[in-house]
Amino acid sequence: MSVARAFITGAGVISAAGKGWQANLRALSSKQTYLHPLSVFPVKNPPPLAGEIQSRPEQVGMSATHALALAACEEALASYSSKGSGPIDAILVGTTTGGMPASEMLLAQRVSDPEAYLYHGAGTVAELLAKRLGCHGLTLTVCNACSSSASIMKLGLELIRSGWAHRVLACGVDALARITFHGFRLLQLIDAQGARPFDVSRAGMCLGEAAAAFVISAGQEPPPGAFAEIRGGGLSCDAYHPVAPHPEGEGAAQAMLQALADAGSLEPGDIDYINLHGTGTRDNDASEAIAVNRVFGGNPPPMSSSKGCLGHTLGAAGALEAAICVMAIQEGILPPNWGLEQPDPELGLSPLLEPQPTHTQLTLSNSIGFGGNNASLVLGSPSLSIPDIKSNHSGWLEVLAASCLTGSGNIQNTWEAFRQGKPCLGDVSSDALSKNLPPRLVRRWKRLPRLAMALTMDALEQCPDESRPNAVLFSTGLGALSETHDFLKQLYDSDWSLSSPIDFMGSVHNAPAGHLAEYLGAKGANLTFSGQNYSFEQSVLSTWLLARPGDQPYLLVGADEAHPQLTPILNPPANRDGVLNDGGGALILRPTKIKNGLCLRPLFFKGPTENTEEAESLADLISTQGQVYGAIMVGIPANQRDLGQAQLDALTSILGATCPAIDYRRLLGDHHTVAAVATSLACCMVKEGQFPSGLTGSEAKPLEGRPLLLLTLGEYVVANELF
Amino acid sequence: MDNLVGELAEKIIDILGLFDVKLEEITEETTFFDEGLGIDSVDILELVVMLERDYGVIIESRELGETVFINMGTLARYVGENRSAA
């Protein structure tokens with residue numbers, strides 16, 4: 001079957017160049033830069049230049065990030081609704097800091113009311129967009145540092161190709177935040193005079209803020225008025241260093257080659273324009289230059305970086321630069337490499353010094369981020385004919401290994417307690433956390449990366465060497481709280497002057513995923529999801545979207561750490577009766593076309609909802625498929641208990657289900673990624689072939705070869721199946 | 001000078017978690033990368049922050065850093081010559 005094509009049918013942008021598509025389009029065709037002295041927060045020395053939005057949209061009660069995302073998405077939807085049809089059925093957000101621009105000041109003021117932090121989590125941006133814009137469907141939030149929003153464009157493409165969604169709203173966003181500014185300052189990466197990418201005198205990056213949003217519509221033919229087509233995407237990881245790019249640009253080259261192949265076997269010579277990542281740091285530009293020259297055989301097409309004009313907008317950069325590519329395709333104008341006066345002869349690249357009118361049909365956009373993450377996108381004119389692409393999504397994810405860590409210990413200990421109906425609450429002991437971890441490897445790591453690595457080590461022990469994963473999908477609701485807390489505390493204590501660059505590096509949500517890739521030598525996709533209580537579920541669906549039969553296995557790790565100061569205010573349910581709760585789970589999954597052994601498959605993901613409608617839709621889907629389950633494991637977040645219970649009741653009454661069910665959060669606790677623990681325990685249950693007596697309260701119930709349904713209910717209704 | 005090497009070595013082991021390195025093995029000739037302490041450029045930036053916080057010594061360019069972080073001796077000399085009176 002031919003897959004649907006992904007057309008951009010709506011777009012919205014807000015950046016330092018102004019609010020709206022037209023304002024940003026005008027910026028493309030001039031050499032004017034939009035960098036101004038940073039003024040959104042005070043800094044000690046003369047303020048550096050930054051791509052600051054001069055009249056920021058304000059929204060009461062939420063962070064600047066949320067307000068920027070809303071502005072861009074409203075514009076994208078307005079331009080879409082004039083010619084599109086059908087409601088949005090997926091919202092994808094790429095961001096690095098989410099609500100941190102507000103939280104970092106609340107924390108500085110020692111505000112301890114959890115209500116003040118309701119918009120802290122990165123995943124709250126997508127949830128807010130869904131509620132405000134009336135969109136129902138799935139949400140995915142990717143926190144992949146500077147390649148976040150290029151990554152969501154690739155996931156959006158796969159949602160369309162696979163048929164999981166038909167109209168996707170994808171938004172990259174980041175607002176200027178003190179934590180990122182001081183982090184990059186302490187890493188000595190900021191050039192106060194503004195970025196001069198690829199210039200012989202380049203001396204660093206400058207920060208910016210922006211949101212760029214697209215409506216991506218499925219179709220076999222371009223709908224009238226389509227802006228462009230997302231032709232393909234490539235995701236890779238350097239597996240080299242937490243913050244430095246691979247010196248030979250290995251991962252960046254791989255991402256470009258994959259994007260070209262994904263776009264229908266394009267040749268490098270087909271590309272008319274490259275939007276470079278080009279941050280202006282010595283190492284990034286050198287690495288990217290080698291990669292571009294390698295892919296394009298030393299003869300690349302016209303190219304430019306926009307970071308000397310708009311600043312580096314981090315999580316927004318991939319989407320913002322995709323917007324620049326779309327403008328180039330639509331208007332036939334290629335933007336200059338702002339800030340560049342004398343190209344560095346050692347780089348062997350000649351980016352555009354002036355805007356250049358050029359008929360442009362195919363563009364390539366590069367994003368390169370912390371953790372060695374690379375994402376490249378091919379965007380093309382919607383009128384180009386393309387080769388037929390067949391659906392080759394994997395049907396099944398074979399579970400090769402499963403591990404978990406809880407207050408009860410590893411998977412053996414946790415399963416033993418769980419099957420007897422005993423609580424596995426509390427935090428993971430330092431013994432369990434440190435098991436197997438070489439001291440030199442983990443010397444710079446605090447709690448979350450150690451959790452992730454301990455889970456990985458446990459899973460690897462169950463896997464033969466030839467099944468070593470090559471892709472890492474990590475999920476976390478709140479990220480590395482210890483590093484975040486310590487970095488901010490030192491900044492507060494020194495009046496925003498000094499703090500640990502190592503803590504900053506570790507505070508980035510995708511830092512643990514980068515460590516795992518480096519340890520494994522995993523050079524495939526490396527993605528970090530942060531979608532509140534649904535983070536792990538987002539990683540399962542995304543694995544299914546990216547996986548192809550024959551791929552090397554995928555490592556999924558979901559983990560959240562308990563932090564004595566931050567957990568009680570950022571996720572109060574994980575502090576049940578004053579006992580902090582943390583842990584996580586890991587799976588090693590091999591994509592297969594045919595069901596083989598123990599297999600996991602995503603079934604349903606919809607929300608946000610305040611009633612039982614989505615649960616009823618899920619019940620209808622299950623009924624239509626005629627599936628009968630041996631048991632149900634359901635996770636209902638503590639703060640959505642009434643809603644979740646009503647949804648479960650509705651579901652079971654429609655299904656007439658007589659199979660046993662366990663509300664696992666009562667036993668396993670309420671950290672955001674507890675579904676990862678539950679999924680690993682579900683593997684134990686299926687292997688044992690029965691729903692244990694300790695959970696039924698009477699005798700064990702045989703599963704009789706039937707699959708197990710894994711549910712997460714509440715604001716979103718998510719279902720995975722374990723066969 | 002020797003005291004300063006020892007004092008800095010103790011701080012470096014603690015801050016960078018180099019618990020596999022024995023304090024008494026660190027001398028003026030001990031280098032920072034590869035066969036020396038085996039640390040990387042991010043560790044050096046961590047030490048730059050420590051030098052400013054604990055000694056009032058500011059190293060704000062890569063060029064200066066390259067002359068200071070040759071080995072423990074060059075580091076101790078630079079700190080000794082530039083530390084603030086406090």
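Numbers restart at 1 for each chain; the letters A, B, ... are given by sequence-line order, proteins then strands.
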With a 4.5 Å cut-off on side-chain heavy atoms, are [Y] and [X] touching?
| X | Y | value |
| --- | --- | --- |
| A:Arg440 | B:Val21 | yes |
| A:Pro501 | B:Val49 | yes |
| B:Leu45 | A:Leu186 | no |

(request) Go through the structure and list residues passing side-chain contact (heavy atoms from CB on, under 4.5 Å) with A:Ala145, not counting sequence neighbours. (result)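 Checked A:Ala145 against side-chain contact (heavy atoms from CB on, under 4.5 Å); matches are A:Phe370, A:Val508, A:Asn510.
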Is it the case that more than 12 heavy atoms not belonging to [X] sit under 6.0 Å from its [atom1] atom?
| X | atom1 | result |
| --- | --- | --- |
| B:Arg62 | CZ | no |
| B:Lys22 | NZ | no |
| B:Lys11 | NZ | yes |
| B:Glu10 | CD | no |
| A:Glu341 | CD | no |

(message) Once rounded to the nearest 0.5 Å, what's the spacing between atom OG of B:Ser41 and atom CG of A:Leu187?
(response)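 Nearest 0.5 Å value for the OG-CG distance: 9.0 Å.
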(request) Nearest 0.5 Å please: distance from the CG atom of B:Leu51 over to the CG atom of A:Leu498. (result)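 Going from CG on B:Leu51 over to CG on A:Leu498, the span is 11.0 Å.
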(message) At a 4.5 Å cut-off on heavy atoms, which part of B:Leu16 comes close to chain A: side chain, backbone, both, or neither?
(response)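 For B:Leu16, heavy atoms of backbone and side chain both lie under 4.5 Å from chain A.
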(message) Among A:Arg444, A:Gln490, A:His241, A:Met505, which residue has the highest count of heavy-atom pairs closer than 4.5 Å to chain B?
(response)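 Of A:Arg444, A:Gln490, A:His241, A:Met505, A:Arg444 has the most heavy-atom pairs under 4.5 Å with chain B.
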(message) Minimum heavy-atom separation for B:Glu46 and A:Ser500, please, with both atom names.
(response)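 Looking at all heavy atoms of both residues, the shortest contact is OE2-OG, 2.7 Å.
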(message) Which atoms of A:Ser494 are under 4.5 Å from chain B, going by heavy atoms: the side chain, the backbone, both sets, or neither?
(response)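 Interface part for A:Ser494: neither.
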(request) Please look at A:Pro439 and chain B and tell me whether the side chain, the backbone, both or neither of the residue comes under 4.5 angstrom of a heavy atom of that chain. (result)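 Neither part.
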(request) Anything in residues 53-61 of chain B with a heavy-atom distance to chain A below 4.5 Å? Please list those residues in order. (result)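 Heavy-atom contacts from residues 53-61 of chain B to chain A are B:Arg53, B:Ile59, B:Glu60, B:Ser61.
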(message) Taking B:Asp40 first and then A:Arg443, would you say they form a salt bridge - that is, a charged N and a carboxylate O separated by under 4.0 Å?
(response)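 Salt bridge absent between B:Asp40 and A:Arg443.
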